[in-house]
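What's counted below: heavy atoms across the whole structure, side chains too, no hydrogens, waters or symmetry copies.
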Amino acid sequence: IFLSVATSVASFGNLSDVGRVGGRFLATSRVLEVLAALLAYAISIGSGALLSPTSFDTASLAQKAVQETHASASLRDTIVGIVPADSLDPLIQTNMVQLLFLGVVAGLAMDAGGTHLGQLAELMKGLNEFFANMTGIFCRFIPLAVLCMVWSLTITTGAQLLASLAAISVVVACGLACLICLDLER
């Protein structure tokens, strides 16, 4: 993620373009989150007890949410926490917000450095391509891993799981259809 963000930001060459694309990304992701939540709620109403909120232990969920709210940091601590104490900690701890922050800063620095940082930019682009290829290879095995997981869960929990998975598959398919429609509008 760090390499992808850094090389992407460096390739823009204009800070306003980075902000425009980032704003579009945030707006699109928020709209899709709302659509997914509405779709999941509509399916849960239509399917009765299959995805009914009453099938969950809402009391313990509410208690856990209250405990997490009390344990959460203040807004100031959250904003200050975006900037990592050292540059390797976000990579080791996989802190996504800090990784994104470092990626944007590194991309802006590479862009501002011009030809002086050209070799570093090329190295980062090469590493990004390498890791993208590795991810592509791993992704080819995901269907097999999902099949094994569903098979194991079905054996353990029974056939009712398949009905729940079918409902979730409908939500995912509708979400993908929304993404395709949004992409076609561009």
Side-chain angles (χ1 to χ4, degrees), residues 1-40 68 72-150 165 168-186:
I1 291 174
F2 168 77
L3 293 170
S4 296
V5 171
T7 55
S8 296
V9 169
S11 69
F12 275 105
N14 187 352
L15 191 58
S16 64
D17 290 341
V18 173
R20 183 175 42 80
V21 170
R24 278 189 191 168
F25 168 75
L26 289 175
T28 302
S29 62
R30 296 298 89 89
V31 168
L32 290 176
E33 286 171 2
V34 169
L35 287 174
L38 291 174
L39 186 61
E68 288 176 0
S72 66
S74 68
L75 178 62
R76 184 186 74 70
D77 291 340
T78 302
I79 292 171
V80 169
I82 291 173
V83 180
D86 67 60
S87 58
L88 290 180
D89 193 48
L91 297 169
I92 296 168
Q93 301 295 326
T94 62
N95 186 325
M96 296 308 293
V97 174
Q98 290 181 349
L99 275 175
L100 290 172
F101 176 78
L102 284 179
V104 170
V105 169
L108 291 173
M110 283 190 299
D111 184 48
T115 58
H116 300 307
L117 297 177
Q119 290 178 339
L120 177 62
E122 290 302 317
L123 173 66
M124 290 181 85
K125 287 178 186 177
L127 287 171
N128 185 39
E129 187 175 331
F130 169 74
F131 287 118
N133 289 338
M134 275 183 44
T135 302
I137 292 169
F138 288 138
C139 286
R140 290 181 184 165
F141 293 102
I142 289 175
L144 179 62
V146 170
L147 175 68
C148 292
M149 180 190 71
V150 170
L165 287 175
I168 291 170
S169 296
V170 169
V171 171
V172 170
C174 291
L176 289 173
C178 290
L179 280 173
I180 291 169
C181 290
L182 286 173
D183 195 41
L184 291 177
E185 289 179 5
R186 286 191 220 173

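- Proximity of Val31 to Thr28: side-chain heavy atoms (C-beta onward) are nowhere separated by under 4.5 Å.
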Enumerate donor-acceptor pairs with a distance under 3.5 Å from any side-chain N or O in residues 130-139 to protein atoms, sequence neighbours excluded.
from: Asn133; atom 1: ND2; to: Glu129; atom 2: O; distance (Å): 3.4
from: Thr135; atom 1: OG1; to: Phe131; atom 2: O; distance (Å): 2.8

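- Atom OG1 of Thr7 and atom CE of Met124 lie 7.0 Å apart (nearest 0.5 Å).
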Side chain to side chain contact (heavy atoms under 4.5 Å, CB included) between Ile142 and Leu144, worked out:
CA-CA 5 Å; Ile142 289 175; Leu144 179 62; over 6 Å; no

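- Note that the CG atom of Leu179 and the SG atom of Cys174 stand 11.5 Å from one another [nearest 0.5 Å].
- Lys125 is listed as a side-chain neighbour of Glu122, based on a closest heavy-atom distance under 4.5 Å.
- Rounding to the nearest 0.5 Å gives a distance of 10.5 Å between CG of Leu127 and CZ of Phe2.
- Annotation: side chain of Leu32 is in contact with side chain of Cys178 (closest heavy-atom distance under 4.5 Å).
- Residue Ile1 places its CD1 atom among 12 or fewer non-hydrogen atoms of other residues, nucleotides or ligands, all under 6.0 Å distant.
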I'd like to know whether Leu102 forms a side chain to side chain contact (heavy atoms under 4.5 Å, CB included) with Gln98, so could you lay out the CA-CA distance, the side-chain angles of the two residues, the decisive distance to 0.1 Å, and finally the verdict.
CA-CA 6 Å; Leu102 284 179; Gln98 290 181 349; 5.6 Å; no

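- Remark: Val83 pairs with Phe101 by the side chain to side chain contact (heavy atoms under 4.5 Å, CB included) rule, at least two apart or across chains.
- When the side chain to side chain contact (heavy atoms under 4.5 Å, CB included) test is applied to Val104, the partners found at least two apart in sequence or on another chain are Val5, Val9, Leu108.
- Of all non-hydrogen atoms in Ser4 and Asn128, the two that sit nearest each other are OG-OD1, 2.8 Å.
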